[in-house]
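Let me begin by presenting the structure, written as structure tokens, before commenting on it.
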Amino acid sequence: MTPTRKSFSSIRGVHDILPGESERWQAIERAAGRLFAAFGFREIRLPIFEATELFARGIGEATDIVEKEMYTFADRSGESVTLRPEGTAPAIRAFLEHHLGAAQAVTKLYYWGPMFRYERPQKGRFRQFYQIGAEIIGSGAPEADVELLALLHLLFERLKIDGVRLELNSLGDEACRPAYRQTLQRFLESKQADLCENCRRRTATNPLRVLDCKNESCREATADAPMIVDHLCEACRSHHDRVTEGLAALKIVYHPNPRLVRGLDYYNRTTFEWTTTKLGAQNAVVGGGRYDGLVALLGGDPAPAIGFALGMERMAELLPPELGQPAAPDLFMAALGEQARAWAAPLVLALRKEGYRVETEYGDASLKSQMRRADKTGARWVCIVGENELTSGQIVVKNLQTKAQETLEADRALDELRLRLASLPPSPVSSPPPGGRGEHKAR
RNA sequence: GUGAGUGUAGCUCAAUGGCAGAGCACUGGACUGUGGCUCCAGUGGUUGGGGGUUCAAUUCCCCUCACUCACCCCA
């Protein structure tokens with residue numbers, strides 16, 4: 001009787017992060033985690049779904065995300081819930097719900113995890129994708145903007161990612177944007193013939209976005225369009241200047257992009273993206289900006305805030321290939337036969353307890369195949385224990401790089417092995433996982 | 001949502017209507033207890049799925065699913 005076999009695969013646009021890739025993610029998470037700590041951000045762990053209304057109100061009813069990209073469904077009680085398409089609205093919801101702002105004037109939060117948008121997948125774009133996000137809530141000072149940008153700048157530096165550029169713009173605020181919007185609208189109305197269908201529609205609904213259109217003729221038509229940076233009110237002008245001065249003082253290179261308009265309604269003043277040309281049609285690795293109105297919009301006392309979202313998949317694609325490689329074992333224990341394995345087991349455990357990476361074979365395998373595996377895993381040392389060794393009280397240790405082989409007293413095996421492993425050069429491939437050898441060596 | 005391309009072994013790909021193959025990987029051997037290099041052998045397939053045309057379909061046609069890329073949008 002042959003059982004019918006059904007195979008499964010992950011659903012569309014949703015991917016497994018496999019070993020090989022996960023190490024690269026860990027490299028990003030480690031680097032980001034250290035920087036968040038250094039900058040005084042604390043982690044908040046947020047739910048993966050929220051009331052639909054939170055996103056509809058927070059992100060904006062007219063945005064693409066809310067109009068057509070949300071994973072929305074009714075739960076068993078009939079409440080409409082939505083898998084989070086972004087993290088800022090949930091973060092602010094939690095901030096308000098738990099009165100996190102009461103303990104200090106400025107609250108700095110970060111989070112990471114999956115986000116969900118129902119889009120057609122393509123390079124760098126998925127239905128379940130991962131973001132690292134951070135928010136500074138409670139400060140409208142340009143220094144906050146600069147600090148956030150400096151953190152990201154350091155992150156790219158730490159991860160040795162180049163070929164990215166920081167693009168910067170200001171969207172103004174409620175004092176200056178309405179007037180600019182009208183000015184732009186009038187301009188666009190005079191150019192209707194040259195605009196794509198989409199942009200003709202957007203002239204009325206969201207004229208700012210026309211500036212962001214990739215269409216060649218739209219680009220040309222708006223070449224001499226009025227730009228928001230030239231129509232900022234006094235307060236926004238001053239804010240923007242102090243941000244750019246702050247960046248310059250920290251030697252952080254940025255590229256003014258007066259066309260940088262972001263897709264979520266809540267942004268005002270500073271907006272930014274780190275862009276790259278290495279991700280196909282996608283160019284944003286990190287996006288963010290100031291959203292001084294959102295806290296009040298979600299029912300809190302008005303509080304200015306700024307944040308960013310970083311795309312993990314996109315970031316991982318940009319990592320230099322040598323970063324995040326799996327760490328090779330320090331030692332491969334080749335034990336031959338049941339007795340030898342029993343003898344070696346406590347030794348292996350003792351070394352692992354100290355943080356050394358030790359690999360073994362589970363069942364019976366020839367020395368040849370164990371040596372082959374030791375070589376393939378990249379282990380620096382092999383310890384050979386068999387019947388000969390057990391009767392003679394001597395074990396064999398071989399350095400796979402130098403091929404040097406020596407015989408050790410079995411009784412002193414732990415000390416002798418520790419001696420050799422401790423003198424290993426630092427692993428060139430990656431740092432050990434938390435609690436691994438780093439901890440051991442730091443002692 | 002729209003458009004284009006691609007689905008054959010674990011991976012990368014051949015086979016244009018006539019017996020489903022190669023390289024890599026994996027396992028074993030040459031070397032009975034010493035890795036890489038070399039050589040030899042072996043395991044591995046519902047050719048994405050369904051239907052049709054045909055004596056005969058991986059190949060041609062239809063449907064469907066998936067993946068990829070692009071539009072759109074963004075992380």
Side-chain angles (χ1 to χ4, degrees), chain A residues 2 4-15 18 20 28 59 63-69 84-88 112-133 152 164 196-199 201-202 206 209 212-215 260-264 271-276 279-288 307-318 332 334-337 340 365-389 395-405:
Chain A
T2 51
T4 50
R5 283 200 267 188
K6 166 129 173 70
S7 63
F8 294 95
S9 53
S10 65
I11 66 178
R12 175 160 229 208
V14 176
H15 296 272
L18 303 177
I28 298 170
I59 300 172
T63 58
D64 279 14
I65 291 178
V66 173
E67 273 182 358
K68 53 191 189 191
E69 295 174 0
R84 62 184 186 188
E86 57 104 47
T88 297
W112 44 38
M115 306 293 166
F116 305 84
R117 291 181 200 173
Y118 192 87
E119 295 183 275
R120 196 80 171 259
Q122 67 183 73
K123 189 175 179 66
R125 202 175 73 179
F126 311 94
R127 290 185 173 180
Q128 174 172 339
F129 59 101
Y130 291 76
Q131 288 186 338
I132 296 178
L152 286 163
V164 291
C196 68
E197 190 187 341
N198 212 342
C199 285
R201 188 169 50 79
R202 284 194 286 215
N206 197 345
R209 294 211 61 81
D212 205 29
C213 186
K214 286 179 198 165
N215 188 300
L260 180 62
V261 176
R262 299 186 47 76
L264 284 55
T271 55
F272 57 88
E273 279 182 8
W274 260 266
T275 61
T276 176
L279 290 173
Q282 268 56 245
N283 62 2
V285 185
V286 177
F308 70 76
L310 174 156
M312 283 295 287
E313 289 86 352
R314 295 179 183 183
M315 194 81 170
E317 284 245 339
L318 299 179
F332 190 95
L336 301 165
S366 67
L367 179 59
K368 184 187 185 63
S369 75
Q370 295 204 44
M371 289 297 290
R372 222 195 319 255
R373 247 196 83 203
D375 182 60
K376 201 166 55 179
T377 60
R380 264 56 150 269
W381 293 86
V382 179
C383 179
I384 300 169
V385 187
E387 267 180 48
N388 299 347
E389 286 75 8
I395 61 169
V396 171
V397 173
K398 180 170 185 174
N399 182 317
L400 284 177
Q401 280 166 354
T402 64
K403 300 181 186 178
Q405 184 167 312

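Throughout, protein chains are lettered first and strands after them, A, B, ... in sequence-line order, and every chain is numbered starting at 1.
Computed from coordinates, the Lys376(A) NZ to C24(B) P distance equals 15 Å when rounded to whole Å. Leu336(A) has its CG atom 13 Å from the P atom of U32(B), to the nearest Å. Between the CZ atom of Arg380(A) and the C1' atom of U34(B) there is a distance of 20 Å, rounded to whole Å. Whole-Å rounding puts the Trp381(A) CH2 to U34(B) C1' distance at 15 Å. As a whole-Å value, the separation of Leu260(A) CG from C73(B) P is 14 Å. Atom CG of Leu279(A) and atom P of C69(B) are 11 Å apart (whole Å). Atoms CZ (Arg314(A)) and P (A75(B)) sit 8 Å apart, rounded to a whole Å. Distance CZ (Arg12(A)) to C1' (U64(B)): 13 Å, rounded to an integer number of Å.
Atom P of U12(B) sits at a distance of 8 Å from the matching atom of U8(B), rounded to the whole Å. If you take atom P in G50(B) and the same atom in C13(B), they sit 25 Å apart, rounded to whole Å. To the nearest whole angstrom, the two P atoms, one in C40(B) and one in C24(B), are 10 Å apart. Only the C1' atoms considered, C73(B) is 37 Å distant from C61(B), to the nearest whole Å. Nucleotides U54(B) and A22(B), compared at atom C1', are 30 Å apart to the nearest Å. Comparing the C1' positions of G45(B) and G3(B) gives an interatomic distance of 33 Å, to the nearest angstrom. Remark: the separation of the C1' atoms in C65(B) and G23(B) is 30 Å, to the nearest Å. Nucleotides G49(B) and A66(B) are separated by 10 Å at their C1' atoms, to the nearest Å.
Side-chain contact between Met371(A) and Ser366(A) is absent, with no heavy-atom pair separated by less than 4.5 Å. When side chains are defined from C-beta on, Arg120(A) counts as touching Arg12(A), because their heavy atoms get closer than 4.5 Å. The shortest side-chain heavy-atom distance between Asp64(A) and Glu69(A) falls under the 4.5 Å cut-off. At a threshold of 4.5 Å between non-hydrogen side-chain atoms, the residues Lys68(A) and Tyr118(A) do not count as touching.
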Show me the protein contacts with nucleotides 36-39 of chain B, counting only N or O atoms at under 3.5 Å.
from: G36(B); atom 1: O4'; to: Asp375(A); atom 2: OD2; distance (Å): 3.0
from: G36(B); atom 1: O6; to: Lys403(A); atom 2: NZ; distance (Å): 3.1

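Interatomic distance, CZ of Arg127(A) versus OG of Ser10(A), reported as 11.5 Å (0.5 Å rounding). In this structure, Lys123(A) NZ and Gln282(A) CD are separated by 9.5 Å, a value rounded to the nearest 0.5 Å. Within the model, atoms CG of Leu279(A) and CD of Glu317(A) stand 6.0 Å from one another, a figure rounded to the nearest 0.5 Å.
Side-chain atoms of Arg125(A) and base atoms of C72(B) include a donor and an acceptor less than 3.5 Å apart. One donor-acceptor pair, N or O on each side, does fall under 3.5 Å between the base of G33(B) and the side chain of Glu389(A). With hydrogens and angles ignored, no donor-acceptor pair under 3.5 angstrom links the side chain of Glu317(A) to the base of A75(B). Side-chain N/O atoms of Gln405(A) and base N/O atoms of U34(B) include a donor-acceptor pair closer than 3.5 Å.
Considering Val286(A), Ile28(A), Leu152(A) in turn, Ile28(A) is the only one that fulfils the side chain to side chain contact (heavy atoms under 4.5 Å, CB included) rule with Ile132(A). With Met312(A) as reference, Tyr130(A) is the one residue of Phe129(A), Trp112(A), Tyr130(A) to meet the side chain to side chain contact (heavy atoms under 4.5 Å, CB included) rule. When Val382(A), Ile384(A), Val385(A) are each tested for a side chain to side chain contact (heavy atoms under 4.5 Å, CB included) with Val396(A), only one passes: Ile384(A).
Note on Val382(A): nothing from the nucleic acid sits closer than 4.0 angstrom, heavy atoms only. In this structure, Gly280(A) reaches the sugar-phosphate backbone alone: every heavy-atom distance under 4.0 Å involves primed, P, OP1 or OP2 atoms, never a base. At the heavy-atom level, Ile65(A) lies nowhere under 4.0 Å from the strands shown.
Between G35(B), C73(B), C26(B), one nucleotide has an atom nearer to the side chain of Met371(A) than all others, and that is G35(B). Closest to the side chain of Arg117(A), from the set A75(B), G28(B), U34(B), is A75(B). In the set G33(B), C73(B), U2(B), the nucleotide with an atom closest to the side chain of Arg120(A) is U2(B).
Counting heavy atoms of neighbouring residues, nucleotides and ligands inside a 6.0 Å radius, atom CD of Glu387(A) does not exceed 12 of them.
When each of Leu310(A) and Ser10(A) is assigned the nucleotide of RNA chain B bearing its nearest heavy atom, the one mapping closer to the 5' terminus is Ser10(A). Residues Lys123(A) and Gln131(A) both approach RNA chain B. Their nearest nucleotides, taken by heavy-atom distance, put Lys123(A) toward the 5′ side.
Paired runs in RNA chain B that reach 3 or more consecutive Watson-Crick or G-U pairs, where each pair keeps both distances under 3.5 Å, cover B:1-7 with B:65-71, B:10-13 with B:21-24, B:26-30 with B:38-42, B:48-52 with B:60-64.
Residues that satisfy the side-chain contact (heavy atoms from CB on, under 4.5 Å) test with Asn198(A), not counting sequence neighbours, are Cys196(A), Arg201(A), Arg202(A).
Distances shown here put every side-chain N or O of Asn283(A) at or beyond 4.0 Å from the OP1 or OP2 atom of A75(B).
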